[in-house]
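Here you go, one structure.
Quick caveat, the model's predicted, so the values are computed rather than measured.
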Amino acid sequence: MKRLDRGRGKLELEDIAHPDFDPARYGKTQDEVMGHIHGVTPSGEIVTGVEVFRQAYHAVGWGWLLGWTAWPVFRSISDAAYSFFAKHRLRLQGRSSVCDDGTCRV
């Protein structure tokens, strides 16, 4: 996404694994922000899941790529698919051992 922005400042990315990151600034806990992707719109609204990707791609001029995920039938399917992926992403990426003790490490 950073590359697609090409330095235009349409997106600001924040590393939630950085030691200085404070999820309370957004009214969230670390577990909440680790569970699903979150985004903050220019108006301050917090969006989650596929909506983050839809808005981010739109901001950098690639909205057409995910536009279909907002269509009524596909919205529920893409949102459900993302929720499944978010819940199981570490295991699906072969990194399930980072959470073996109940605390995830980056």
Side-chain angles (χ1 to χ4, degrees):
M1 293 306 305
K2 193 175 190 177
R3 190 169 10 116
L4 290 176
D5 188 31
R6 290 187 232 135
R8 293 176 289 180
K10 299 286 185 179
L11 300 176
E12 289 182 35
L13 305 176
E14 191 167 8
D15 182 357
I16 65 172
H18 192 278
D20 293 335
F21 175 73
D22 180 13
R25 185 171 96 181
Y26 303 105
K28 302 288 181 185
T29 66
Q30 189 68 23
D31 285 343
E32 287 173 322
V33 296
M34 285 296 291
H36 283 85
I37 191 166
H38 290 72
V40 181
T41 66
S43 67
E45 176 190 8
I46 294 177
V47 294
T48 62
V50 180
E51 186 60 27
V52 173
F53 298 106
R54 283 193 277 273
Q55 291 197 27
Y57 274 83
H58 178 74
V60 297
W62 285 68
W64 57 269
L65 189 63
L66 293 179
W68 63 272
T69 67
W71 299 346
V73 171
F74 295 109
R75 178 183 287 270
S76 58
I77 293 169
S78 62
D79 289 349
Y82 173 77
S83 289
F84 176 84
F85 171 78
K87 183 175 182 178
H88 301 285
R89 74 185 181 283
L90 295 175
R91 186 173 49 79
L92 291 170
Q93 296 171 344
R95 300 184 307 154
S96 60
S97 62
V98 299
C99 296
D100 283 346
D101 65 358
T103 303
C104 297
R105 299 171 304 283
V106 177

Exercise. So, for Lys28 and Glu32, which heavy atoms are closest and what is the spacing to 0.1 Å?
Worked result: CA-OE1, 3.1 Å
Exercise. How many angstroms lie between CG in Asp22 and CD in Gln30, if you round to the nearest 0.5 Å?
Worked result: 9.0 Å
Under 3.5 Å, side-chain donor or acceptor atoms of residues 13-21 against the rest of the protein: list the pairs with distances, not counting sequence neighbours.
{"from": "Glu14", "atom 1": "OE1", "to": "Arg25", "atom 2": "NH2", "distance (Å)": "3.2"}
{"from": "Glu14", "atom 1": "OE1", "to": "Tyr26", "atom 2": "OH", "distance (Å)": "2.5"}
{"from": "Glu14", "atom 1": "OE2", "to": "Arg25", "atom 2": "NH2", "distance (Å)": "3.4"}
{"from": "Asp15", "atom 1": "OD1", "to": "Ala17", "atom 2": "N", "distance (Å)": "2.8"}
{"from": "His18", "atom 1": "ND1", "to": "Asp20", "atom 2": "N", "distance (Å)": "3.0"}

Exercise. Does Phe85 have any ring pair (Phe, Tyr, Trp, His ring centres under 6.0 Å) partners at least two apart in sequence or in another chain, and if so, which?
Worked result: none
For this session: Starting at OG1 of Thr69, measure out to CD1 of Ile77 and round the result to the nearest 0.5 Å.
Result: 11.5 Å
For this session: Check whether any side-chain N or O of Arg8 sits under 3.5 Å from a backbone N or O of Asp5 as a donor-acceptor pair, and report yes or no.
Result: yes
For this session: Go through the structure and list residues passing side-chain contact (heavy atoms from CB on, under 4.5 Å) with Trp62, not counting sequence neighbours.
Result: Leu4, Arg6, Tyr57, Val60, Trp64, Leu65
For residues 33-52, please give each side-chain donor-acceptor pair under 3.5 Å, one per line with the distance, not counting sequence neighbours.
{"from": "His38", "atom 1": "ND1", "to": "His36", "atom 2": "O", "distance (Å)": "2.7"}
{"from": "Thr41", "atom 1": "OG1", "to": "Ser43", "atom 2": "N", "distance (Å)": "3.4"}
{"from": "Thr41", "atom 1": "OG1", "to": "Ser43", "atom 2": "OG", "distance (Å)": "3.0"}
{"from": "Thr41", "atom 1": "OG1", "to": "Gly44", "atom 2": "N", "distance (Å)": "3.4"}
{"from": "Thr41", "atom 1": "OG1", "to": "Glu45", "atom 2": "N", "distance (Å)": "3.0"}
{"from": "Thr41", "atom 1": "OG1", "to": "Glu45", "atom 2": "O", "distance (Å)": "3.4"}
{"from": "Glu51", "atom 1": "OE1", "to": "Arg54", "atom 2": "NE", "distance (Å)": "2.9"}
{"from": "Glu51", "atom 1": "OE1", "to": "Arg54", "atom 2": "NH2", "distance (Å)": "3.2"}
{"from": "Glu51", "atom 1": "OE2", "to": "Gln55", "atom 2": "NE2", "distance (Å)": "2.9"}

Problem set entry | Residues forming a side-chain hydrogen bond (donor to acceptor under 3.5 Å, both in side chains) with His58, sequence neighbours excluded | none
Problem set entry | Residues forming a side-chain contact (heavy atoms from CB on, under 4.5 Å) with Phe74, sequence neighbours excluded | Trp68, Trp71
Seminar exercise, completed: Residues Ala86 and Arg89: closest non-hydrogen pair is O-NH1, 2.8 Å
